[in-house]
A.B. asks: 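Sharing a structure with you now.
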Protein chains: 2
Amino acid sequence: MLVDVDITQKAPVGRPRGFDADEALERAMLVFWEQGYEGASLTDLTSAMGITRTSMYAAFGNKEELFRKALERYTEGPAAYGGWALKEPTAREVAAAFLAGSVRTSTCPGLPAGCLGVQGSLAAGDPGQVARDTLTAWRNEGCSRLRERFQRAVDEGDLPPGTDPELLARYVMTVANGIAVQAASGAGRDALQKVADMALRNWPPA
Amino acid sequence: MLVDVDITQKAPVGRPRGFDADEALERAMLVFWEQGYEGASLTDLTSAMGITRTSMYAAFGNKEELFRKALERYTEGPAAYGGWALKEPTAREVAAAFLAGSVRTSTCPGLPAGCLGVQGSLAAGDPGQVARDTLTAWRNEGCSRLRERFQRAVDEGDLPPGTDPELLARYVMTVANGIAVQAASGAGRDALQKVADMALRNWPPA
DNA sequence: AAATTTTGCTACCGATCGGTACTGAACGGA
DNA sequence: TCCGTTCAGTACCGATCGGTAGCAAAATTT
């Protein structure tokens with residue numbers, strides 16, 4: 001059996017889709033962010049995306065897949081501060097950048113308050129457990145990235161020997177998660193940045 | 001028009017209810033805690049409560065009222081540590097007791113992980129906005145209680161003059177909320193207690 | 001121009017949602 | 001004992017849930 005591999009990526013036979021899939025995904029992400037997985041109905045989603053149910057299923061699979069892809073977009077978009085923070089030179093700057101990014105994204109004007117990775121689905125009934133588990137894994141993944149980064153900082157002498165990277169990572173992630181909840185409760189950016197500053201006042205010295 | 005006022009409270013005419021309303025409410029609270037407001041269907045709730053839909057509506061009103069009453073029970077039960085913590089003699093002990101209580105309740109074996117006041121409803125669609133607002137008010141109420149307590153601590157000299165009680169309260173509540181999210185993500189009691197300890201290492205001296 | 005493929009649309013699927021009408025039985029007060 | 005009230009249970013309400021079938025129009029390939 002011969003298979004034609006599309007090298008030029010220019011030959012999608014048939015009528016091309018009439019909407020921007022990226023922008024549609026962006027809209028879906030915002031709805032999930034604001035209303036959570038269970039609270040976002042297909043009607044909410046598709047009307048925000050500007051497409052019909054048929055087009056949505058053809059382009060994204062189903063609601064769970066749409067959520068997964070929206071989370072990926074969230075990770076590379078509003079939550080990209082997580083990856084950037086890991087590149088800071090010192091552990092303390094990593095933590096500060098991570099918390100500052102969390103504050104900024106959770107309180108961004110024009111965007112939903114809080115964090116999709118937290119309020120997307122913390123507790124759910126049967127039909128929403130896949131989404132819930134996906135988000136749990138997402139948060140724990142972030143925690144692991146921080147831990148690895150702090151472990152490196154210990155190895156490099158950036159953090160005092162004997163420092164527990166696991167604890168530090170959990171601590172930073174806990175504060176970030178709390179910031180997200182507080183933002184969803186209506187807390188403002190300045191107040192939360194002060195909280196983030198306070199959370200770093202006891203950081204291990206270099 | 002004459003009205004008979006029931007002074008003895010011993011004359012409920014008609015057939016008495018055949019179930020323990022308190023225990024039924026307890027069961028409902030657990031379902032809301034585990035699955036959230038939107039994720040808990042009436043079928044889930046009533047089958048856990050061991051009563052029929054009719055009895056539930058007669059005894060508690062509707063789903064929103066049931067949730068409100070379940071939250072009250074949660075406040076006086078698993079979340080009673082909040083009230084106890086305020087009675088500690090010093091601000092630092094208040095904060096420590098609050099966070100320790102948050103860790104214990106969020107990771108109690110046999111109970112759902114996390115905090116009903118957080119994961120009950122952080123983001124919701126239209127039908128769940130009342131529950132969401134109720135929880136937001138509940139969390140902000142807790143924040144206010146802490147602020148008042150810390151204000152008193154400042155007035156009494158327990159905290160250094162110039163200390164910002166609002167910031168302290170927000171800080172403690174943020175960490176507690178983060179602990180709840182972490183517990184819902186599977187974090188264990190010991191790990192979270194270490195996080196709570198770390199969060200208090202920079203507490204203002206007395 | 002023919003062939004192919006996806007579009008956008010309506011209408012619909014079975015299942016479940018929160019909530020209620022109706023019924024017969026069980027209980028208390030008179 | 002009889003009346004009045006509330007019980008628990010079933011069956012059902014309209015609405016909405018996530019997901020699809022079928023179709024004519026549109027757009028790209030060959």
Side-chain angles (χ1 to χ4, degrees), chain A residues 4-21 23-24 27-28 31-32 35-70 121 124-132, chain B residues 4-21 23-24 27-28 31-32 35-70 121 124-132:
Chain A
D4 286 321
V5 177
D6 183 2
I7 299 188
T8 63
Q9 294 164 357
K10 275 189 178 180
V13 249
R15 174 176 171 178
R17 69 161 53 102
F19 62 92
D20 185 333
E23 183 165 332
R27 305 281 187 88
V31 174
F32 280 130
Q35 310 197 0
Y37 178 78
E38 288 185 300
S41 71
L42 279 185
T43 303
D44 293 332
L45 290 163
T46 51
S47 70
M49 297 165 87
I51 63 178
T52 63
R53 289 162 113 83
T54 317
S55 302
M56 194 283 283
Y57 276 90
F60 301 102
N62 61 12
K63 191 187 179 184
E64 282 180 3
E65 293 244 342
L66 178 63
F67 182 72
R68 216 174 41 78
K69 284 161 184 163
S121 180
D126 279 0
Q129 295 213 344
V130 171
R132 182 176 62 89
Chain B
D4 286 320
V5 177
D6 184 2
I7 299 187
T8 63
Q9 294 164 355
K10 276 189 178 182
V13 260
R15 174 178 171 178
R17 68 161 53 103
F19 61 92
D20 185 334
E23 184 166 331
R27 306 280 188 88
V31 174
F32 280 131
Q35 310 197 0
Y37 177 79
E38 288 185 300
S41 71
L42 279 185
T43 303
D44 294 332
L45 290 164
T46 51
S47 69
M49 298 164 86
I51 63 179
T52 63
R53 290 163 112 84
T54 319
S55 303
M56 193 282 282
Y57 276 91
F60 301 102
N62 60 13
K63 191 186 179 185
E64 282 180 3
E65 294 243 342
L66 178 64
F67 182 73
R68 217 174 40 79
K69 284 161 183 163
S121 179
D126 279 0
Q129 295 214 343
V130 172
R132 183 176 62 89

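Throughout, a chain's letter reflects where its sequence line sits, starting with A, and its residues are numbered from 1. The figures that follow rest on heavy atoms only: side chains count, while hydrogens, waters and symmetry mates do not.
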A.B. asks: Could you give the distance from OH (B:Y57) to OG1 (B:T46), rounded to the nearest 0.5 Å?
C.D. replies: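 One gets 9.0 Å once the value is rounded to the nearest 0.5 Å.
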A.B. asks: Do the rings of A:F32 and A:F67 sit parallel, tilted or perpendicular, given the 30° and 60° boundaries?
C.D. replies: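 Correct class here is perpendicular.
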A.B. asks: Take the protein atom CE of B:M56 and the nucleotide atom C1' of C:dG19, then report the distance between them rounded to whole Å.
C.D. replies: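 To the nearest whole Å, that distance equals 9 Å.
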A.B. asks: Rounded off to whole Å, could you give me the CZ-to-P distance for the B:F19 and C:dA26 pair?
C.D. replies: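 Rounding to the nearest Å, CZ of B:F19 and P of C:dA26 are 18 Å apart.
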A.B. asks: Name all pairs fulfilling the salt bridge (charged side-chain N to carboxylate O under 4.0 Å, His left out) condition that reach into residues 52-65 of chain B, sequence neighbours left out, sorted by first residue then second.
C.D. replies: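 Checked against salt bridge (charged side-chain N to carboxylate O under 4.0 Å, His left out) - neighbours excluded - the pairs reaching residues 52-65 of chain B are B:E65-B:R68, B:E65-B:K69.
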A.B. asks: How long is the line joining CZ of B:F67 and P of C:dG19, in whole Å?
C.D. replies: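 That distance rounds to 14 Å.
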A.B. asks: Please list, chain by chain and in numerical order, all residues satisfying side chain to side chain donor-acceptor pair (under 3.5 Å) with A:T54, sequence neighbours excluded.
C.D. replies: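 With neighbours one apart ignored, the set is empty.
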A.B. asks: Specify the closest pair of heavy atoms between A:Q129 and A:A124, including all atoms of both residues, with the distance to one decimal.
C.D. replies: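 Nearest pair, atom of A:Q129 first, then A:A124: NE2-O, 4.1 Å.
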A.B. asks: Looking at A:E38 and A:G125, would you say the former's side chain and the latter's main chain have a donor-acceptor pair under 3.5 Å?
C.D. replies: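 Checking the backbone N and O of A:G125 against the side chain of A:E38, a donor-acceptor pair under 3.5 Å is found.
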A.B. asks: Across nucleotides 11-18 of chain D, 5' to 3', mark each nucleotide with B, S or - according to how protein heavy atoms within less than 4.0 Å reach it.
C.D. replies: ------SB
A.B. asks: Find the distance B:M49:CE to D:dG9:C1' and express it as a whole number of Å.
C.D. replies: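 From B:M49 CE to D:dG9 C1': 16 Å.
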A.B. asks: Can you see if the side chain of B:S55 gets near the phosphate of D:dA8 - specifically, an N or O under 4.0 Å from OP1 or OP2?
C.D. replies: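 B:S55 to D:dA8 OP1/OP2: side-chain N or O found under 4.0 Å.
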